Amino acid sequence: MILVTGGAGFIGSNFILDWLAQSAEPVLNLDKLTYAGNPANLASVQDDPRYRFAHGDICDRGLLERLLAGQRPRALLNFAAESHVDRSLHGADDFVRTNVVGTFSLLEEARAYWQALPAPERERFRFLHVSTDEVYGSLGPDDPAFTETTAYAPNSPYAASKAASDHLVRACHHSYGLPTLTTNCSNNYGAYQFPEKLIPLTILNALEGRPLPVYGDGRNVRDWLHVADHCRALREVLERGRPGEVYNVGGRSELPNIEVVRAICALLDELRPRTGGPHAALITFVKDRPGHDRRYAIDCGKIERELGWRARESFDSGLARTVRWYLEHPEWVRAVQTGEYQQWIAANYAQRGAELGANS
Ligand code: NAD
Ligand code: DAU
């Protein structure tokens, strides 16, 4: 079996659903269920005997020790993290705790477990750490894309905490030989993404006739990858990646934010026309994110060459699928828009000079 941490979040839940659709191997999901962890994402597998859930914190060393000894996973995949850049700018304590101390705790307990395994199981064990392209910092318009050897230059507290976790993973392999794998991926989008992130926030605000907040001049560039392509990359790296190696994962799909927002508006104009005129009329430029990274771009040549992985979903088709998913899952949306979510939206956007209350 495999042990997944943070499996109730956006990417982790997509990964578990994909995994159980393609493999007979059981999965144990260890998740603290923060605001971003949602068991409803996994409702379709909750009665599947191959799926087990442990409610807990990756910083809890005693729990980790018990789970590893009791379940004897052949691999551990670490998705658990505080993941939202804007939240890290409001206060980074939880980011340091989960992303740095939590990853360290996992490494320590995984190392003790792995060292005690019999030789064939020790050979086979893998620790896969899911990380981000944000550790590499920001690019100018003509800079070459990030490779696995680009120097780390994290700019937000979130990125710094992920960079620290990547370094701990690297050191654990280098010092003790733990068979680690690290992936650094670009911006994901797709079903079950919490609506604090640009794409689901834009879709849901547009449906409610609220302003669509675009930071700064809207020309910051991100590389977009459909979450299903990311999950497939993780499976490939887990099975065939070389221990100790880092793999960049990206969609070769760079776009300025304003174009992403306009593309969502155009899709909604077709699928759910707005009585007050085109959805793009709701676009509102707001105060920029402090230290906002200008551009990310991923050179994913290594994973393409070594593992034969390549993104399959184009941004146009993936975005259309995603918009339709949010339209077709109003109960999921209603359930995540809790009191905590409303408070976050009020605090973050009031500070940016935008009132995101309903327009009509
Ligand atoms: P998410 O915020 O949607 O989910 C994070 C999950 O981790 C939640 O289920 C949460 O409950 C859980 N969690 C948080 N703290 C925990 C703790 N202390 N112990 C146990 N569980 C805890 O995040 P996501 O977008 O699914 O990202 C998953 C991973 O992928 C993160 O490590 C993130 O850095 C990385 N990543 C994300 C993206 C992206 O675009 N979303 C891109 C590249 C890399
Ligand atoms: O690059 C990978 C990273 O992508 C992951 O490591 C992070 O976990 C994930 O959150 C994401 O980080 P970003 O900061 O790029 O994602 P976000 O959706 O918050 O923002 C995308 C871009 O859109 C960014 O340039 C900021 C901008 N933005 C965001 C929000 C929420 C806006 O213009 N308006 C908004 O309201």
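First listed ligand is number 1; within each ligand, the first listed atom is number 1. Since the model is a prediction, treat every value here as computed from it, not as a measurement.
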remark   = Within 4.0 Å of some non-hydrogen atom of Leu33, the atoms of ligand 1 are 11 (O)
inquiry  = As an exercise, identify every atom of ligand 2 less than 4.0 angstrom from a heavy atom of Lys197.
reply    = 10 (O), 18 (O)
task = Look at ligand 1 and say whether Phe79 reaches it with a heavy atom at a distance under 4.0 Å.
result = yes
ask   = Counting each atom of ligand 2 from 1 as listed, which ones have a heavy atom of Arg222 under 4.0 Å away?
value = 15 (O), 24 (C), 25 (O)
query = So which protein heavy atom does atom 25 (O) of ligand 2 come closest to, and at what separation?
reply = His292 NE2, 2.7 Å
task = Indicate, as side chain, backbone, both or neither, the part of Phe15 found under 4.0 angstrom from ligand 1 when only non-hydrogen atoms are considered.
result = neither
request  = Could you list which atoms of ligand 2 come closer than 4.0 Å to a heavy atom of Val214?
outcome  = 33 (O)
request  = Run the numbers for me: atoms of ligand 1, each under 4.0 Å from some heavy atom of Thr34, listed by number.
outcome  = 10 (C), 11 (O), 14 (C), 15 (N)
note = The protein heavy atom nearest to atom 1 (O) of ligand 2 is Asp133 OD1, 2.5 Å
ask   = Short list, please: which atoms of ligand 1 are under 4.0 Å from a heavy atom of Ser131?
value = 43 (C), 44 (C)
ask   = Checking Arg87 against Phe95: charged group under 6.0 Å from the ring centre and within 45 degrees of the axis?
value = no
inquiry  = Checking contacts here: is it the side chain or the backbone of Leu201 that comes within 4.0 Å of ligand 2, counting heavy atoms only? Could be both or neither.
reply    = side chain
query = Quick one: does Asn187 get an N or O within less than 3.5 Å of an N or O on ligand 2?
reply = yes
query = Using heavy atoms and a threshold below 4.0 Å, how should the contact between Lys162 and ligand 1 be classified: side chain, backbone, both, or neither?
reply = side chain
query = Only one of Asp166, Thr5, Val169 clears side-chain contact (heavy atoms from CB on, under 4.5 Å) with Thr103; which?
reply = Val169
ask   = Is the NZ or CZ atom of Lys302 positioned over Tyr247's six-membered ring, under 6.0 angstrom from the centre and within 45° of the axis?
value = yes
message = So if I count the atoms of ligand 2 from 1 in the order they appear, which ones are less than 4.0 Å from some heavy atom of Thr132?
response = 1 (O), 2 (C), 3 (C), 5 (C), 6 (O)
ask   = Are Tyr152 and His167 close enough that their ring centers fall under 6.0 Å?
value = yes
message = Can you tell whether the side chains of Arg72 and Glu121 come within less than 4.0 Å, N to carboxylate O?
response = yes
message = Looking at Arg312 and Asp229, is there a salt bridge between them, counting it only when a charged N and a carboxylate O are closer than 4.0 Å?
response = no
query = How close does the nearest protein non-hydrogen atom get to atom 3 (C) of ligand 2, and which residue and atom is it?
reply = Glu134 OE2, 3.0 Å
ask   = Is Glu306 paired with Arg240 through a side-chain N to carboxylate O contact shorter than 4.0 Å?
value = no
ask   = Hey, is ligand 2 close enough to Leu198 that some N/O pair sits below 3.5 Å?
value = yes
message = Considering both backbone and side-chain atoms of Tyr349, is one of its nitrogen or oxygen atoms within less than 3.5 Å of a nitrogen or oxygen in ligand 2?
response = yes
task = Could you tell me which atoms of ligand 1, counted from 1 in the order shown, lie closer than 4.0 angstrom to a heavy atom of Asn187?
result = 40 (O)
key: Protein residue, atom and distance nearest to atom 27 (C) of ligand 2, heavy-atom basis   = Asn257 ND2, 3.4 Å
message = Could you tell me, atom by atom, which parts of ligand 1 come under 4.0 Å of a heavy atom of Tyr158?
response = 33 (C), 34 (O)
message = ring pair (Phe, Tyr, Trp, His ring centres under 6.0 Å) for Tyr296 and Tyr136? Distances and angles first, verdict last.
response = CA-CA 8 Å; Tyr296 302 144; Tyr136 298 121; 9.5 Å; no
key: Atoms of ligand 2, numbered as shown, that sit under 4.0 Å from any heavy atom of His84   = 19 (O)
note = Closest to atom 14 (O) of ligand 2 among protein heavy atoms sits Arg289 NH1, 2.6 Å
key: Test of ring centre spacing under 6.0 Å for Tyr158 and His84   = no
note = Among Cys59, Gly6, Ser83, Ala81, closest by heavy atom to atom 5 (C) of ligand 1 is Ala81
Region of Ser186 that comes within reach of ligand 1 [heavy atoms, distance under 4.0 Å] = backbone
key: Closest to atom 30 (O) of ligand 1 among Asn41, Val249, Val135, Val130 (heavy-atom distance)   = Val130
request  = Could you tell me whether some N/O pair between Asn188 and ligand 1 is separated by less than 3.5 angstrom?
outcome  = yes
task = Just say parallel, tilted or perpendicular for the rings of Phe315 and Trp224, cut-offs at 30° and 60°.
result = tilted
ask   = Who's closest to atom 5 (C) of ligand 2 heavy-atom-wise, of Tyr136, Tyr296, Tyr158?
value = Tyr158
key: Per-atom contacts of ligand 2 with Val85, taking only distances under 4.0 Å to non-hydrogen atoms   = 14 (O)
Under-4.0 Å salt bridge between Glu82 and Lys162 = no
key: Proximity to ligand 2 by part of Glu196, non-hydrogen separation under 4.0 Å   = backbone
key: Proximal atoms of ligand 1 relative to Gly56 (non-hydrogen, under 4.0 Å)   = 19 (N), 20 (C)
query = Which residue from Leu234, Ile58, Asp60 reaches closest to atom 19 (N) of ligand 1 through any of its heavy atoms?
reply = Ile58
query = If you count the atoms of ligand 2 from 1 in the order shown, which ones are under 4.0 Å from a heavy atom of Pro213?
reply = 32 (C), 33 (O), 34 (N), 35 (C), 36 (O)
request  = Would you mind finding which of Phe10, Phe194, Tyr215, Tyr189 brings a heavy atom closest to atom 30 (C) of ligand 2?
outcome  = Tyr215
inquiry  = Among all protein heavy atoms in this structure, tell me which lies nearest to atom 9 (C) of ligand 2, with the distance rounded to 0.1 Å.
reply    = Ser83 O, 3.9 Å
request  = Would you mind finding which of Leu106, Asp31, Asn99 brings a heavy atom closest to atom 8 (C) of ligand 1?
outcome  = Asp31
